Amino acid sequence: MSVSLDTAVSSLLTNRRRAGALKSLGIVSVRDALTYYPFRVTDPVPSRPIRESKIGMPIAFAASVQAVRAVPMNARRGFRLEAVVADDAGTAARLVFFSYKKPYVDWMSMRLRQGSRVVVAGSPSEFNGQLQFTHPEILTIAPGGATPLPDTAGSLKFDADSEEQALRRVCRPRPVYHATSRISSDHIHESIMGFLEALDAHELPDVLPESVREADGYLHRVEAFRAVHDPDTTDDFRRGIATLRYEEAFVSQTALVKTRHSTHQVKAHNCSGGEGLVRRFVASLPFELTGGQRSVVDDVTHDMARDWPMQRLLQGEVGSGKTVVAVVAMLDAVGAGHQAVLVAPTQVLAEQHAETIAGMVGRIPGGDTEAEAGTPEVPVILLTGGMKLKARRAALATVASGVPCIVVATHAAFSKTFQAPDLALVVIDEQHRFGVEQRETLRHRYDVAPHLLVMTATPIPRTAAMTWFGDLDLSWLTELPGGRKPIRTIVVPEADGGTMARMFAHLRARVDAGERAYVVCARIDADDATDDDDSAVELIDDGDIGENGEAETRPPLHSVAEIADRLAALPQFRGLKLATLTGRDDDETKTRVMAEFADGTTPILVATTVIEVGVDVPQASCIVIFDADRFGLSQLHQLRGRVGRGGTNSWAFLISRAEPDSIAARRLNVIQGTLDGAEIAQADLELRGAGDVLGDAQSGGKSSLKLLRVIKDAKLIEQARGEAERVLADDPELAHEPQLAGAVLDFTRGSADFLTST
Ligand code: ADP
Ligand code: MG
């Protein structure tokens, strides 16, 4: 059987238990095994005579066993196995092993039978004035001719055929793998080495084009895998890792650049006719566009005046005014006689957007020129799953008629029955997980591809954006419009009763001044074991494992039900009406609760993170977040962006039960110290790891990016980008690089999984 990367490891292993243990690590195919990278490599151990050994310094030597005995330890119900060995210079050392397991002791005594040759590796200590190795590594050496000893025929296998071989093995730097109770690092290593040997080298062709590999001095792929799993030197290991890391950077960038180029072959609606309407709209706004908004508007209208689809990601701080930009883009399409849709992540948001947008476009006056004078108002059509059937049908029918209009839809309503014959633009709001494959699907769903504008307030560091959204053009909105005042963020230890009381009094004062307050909890009620299903709380779990690796029990998270009851009983809130909102409320209730909060009927809203995204109540000036130490940083930032939107002073109170100096406490310090989303995202990445920032999917090992670190490897990613552009310029379809073409396809498919999962 020829072994390739796709061969199942279970077909290569006779040991079922081993196969099962590997599977639990996510290793199913040979590819999975080879890309199960060690996280470090041990320093090589020098081979020395025993007399040159120093306490605590690892050495290796060949020796003969002079005596061995197992001593029962009464006090501890186990055994101590002692052996005396002497090297060729005649220096003796003691080897000691402790175990509760008789079979282990028997097995080890057999390996260390008197007169046999072994290679020993370990760090000595001194015990009773004698040199002692505790639990050293032992390699047994076959006596000349490798014939097993007569009385143990068949049952005893030797670890090595010769001393030289054994020494070479223990003295080499050794890779260390993340292991579990089911399988040790050594056994993982042994398995991977077996696969690597069985693998037909032809089945491991290079993915990096030769020109790229040679220019940068990287290894061939086969050599790189060998260098990583079986390095001769630590330098070797580093080169192997560097090669494979660069391969990841190069493949991902090639995939993204290629997708981006292929977009240019696709036909889209040219919206250059929409300028007039856009101009009148901008003039009708009650405020000036900020510099940032103006420049993004220019980019967008420029993109949409071309014959291929715009693919743009707009990142902007919460409250930076992305909606206006979206409306400009949509009016550009409508003004050119086409249709546009804004896709919102939730029903509440869709309704809010529809209302805001209808208000904005309702103020557009007729134009001066004859053609513009009679411009009919721009229809704004809401489309959600929660609408009454009749209303929904009517909305769908209007859209299906092809009339130029703005549609505001929820995700579900957009993907199911949606038919827009003249769709020129899709705007995706607050949905940075709209992945490569979804973007491609969207493009292929229409004969003429719609332009695409993806908007997100989740700040993504530049290189991360390049890695994950390299097929999109990027725009940023950095300033907050309208002289908005920065939010004041205060961390409050929950145990500090005095501060808690003052905080509640502050909330009351703000409410009495006509403002509103949000109170956020992670759970709905005591039975709500999981997170709020509607809003994906990205809770952190680093605190779960204590110093000794034991799970620590942590206090349960506060819930909306519990906190609402507690607040209602507080003297500070006497006479006030509180409302609650969670993902479990139906859409009608959500809409009503938000309306009553906005108009002040219930000025305090206790909610789950359903309010996280986009909710815009300008009077809201305070937000209290319980269990803030258990939330992700970007999510806290997003939540705090719900207040101060009307230009009032604003406060975010982060209630914490974190120990001082813990990682959780440090995280809260970050958020308290800055309002800069990009900085927060960066800190979040550093404190948590990349997978968590985009969701959990990546940490499941599904992603094809295993070595590439989006922050640390920024330079590498940029370099790979350049080389990818060069390679694709010569060979746009990668016709001469079939291996690269295959890897690119795998990446696109794999990344679709992790970018779209929520
Ligand atoms: P986000 O980027 O979070 O979606 P929004 O688009 O909801 O932000 O805008 C937040 C608020 O700022 C809205 O009330 C909007 O009307 C207002 N706004 C947007 N642009 C400007 C501007 N240039 N000047 C003043 N206010 C603005
Ligand atoms: Mg918004």
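For ligands, and for the atoms within them, numbers begin at 1 and follow the listed sequence. A quick note: this is a predicted structure, and the numbers were derived from the prediction, not measured.
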[X] heavy atoms, cut-off 4.0 Å: which ligand 1 atoms fall inside?
{"X": "T323", "answer": "4 (O), 5 (P), 6 (O), 7 (O)"}
{"X": "E288", "answer": "22 (C), 23 (N), 24 (N)"}
{"X": "T290", "answer": "23 (N)"}

_Quick test of your reading of the structure: of Q293, Q315, K322, R642, whose heavy atom lies closest to atom 1 (P) of ligand 1?_
K322

*Would you indicate whether R363, at its atom CZ, is surrounded by more than 12 heavy atoms from other residues, nucleotides or ligands within a distance under 6.0 Å?*
yes

*For ligand 1, is there an N or O atom under 3.5 Å from any N or O atom of G321?*
yes

_Suppose the criterion is side chain to side chain donor-acceptor pair (under 3.5 Å): which pairs have a residue in residues 512-521, not counting sequence neighbours?_
R508-D512, R510-E515, E515-S621

*Give a yes-or-no answer on whether the side chains of H338 and D422 include a donor-acceptor pair shorter than 3.5 Å.*
yes

*In a check of side chain to side chain contact (heavy atoms under 4.5 Å, CB included) between C271 and each of R306, H451, M310, which one passes?*
H451

*Test I428 against every option in L453, T456, L342, L452 by the side chain to side chain contact (heavy atoms under 4.5 Å, CB included) rule and name the one that passes.*
L452

*Counting heavy atoms only, which part of D616 comes closer than 4.0 Å to ligand 1: side chain, backbone, both or neither?*
side chain

_4.0 Å heavy-atom contact, S320 with ligand 1_ = yes

*Carefully, step by step, assess V328 and V300 under the rule side chain to side chain contact (heavy atoms under 4.5 Å, CB included).*
CA-CA 9 Å; V328 164; V300 166; 5.7 Å; no

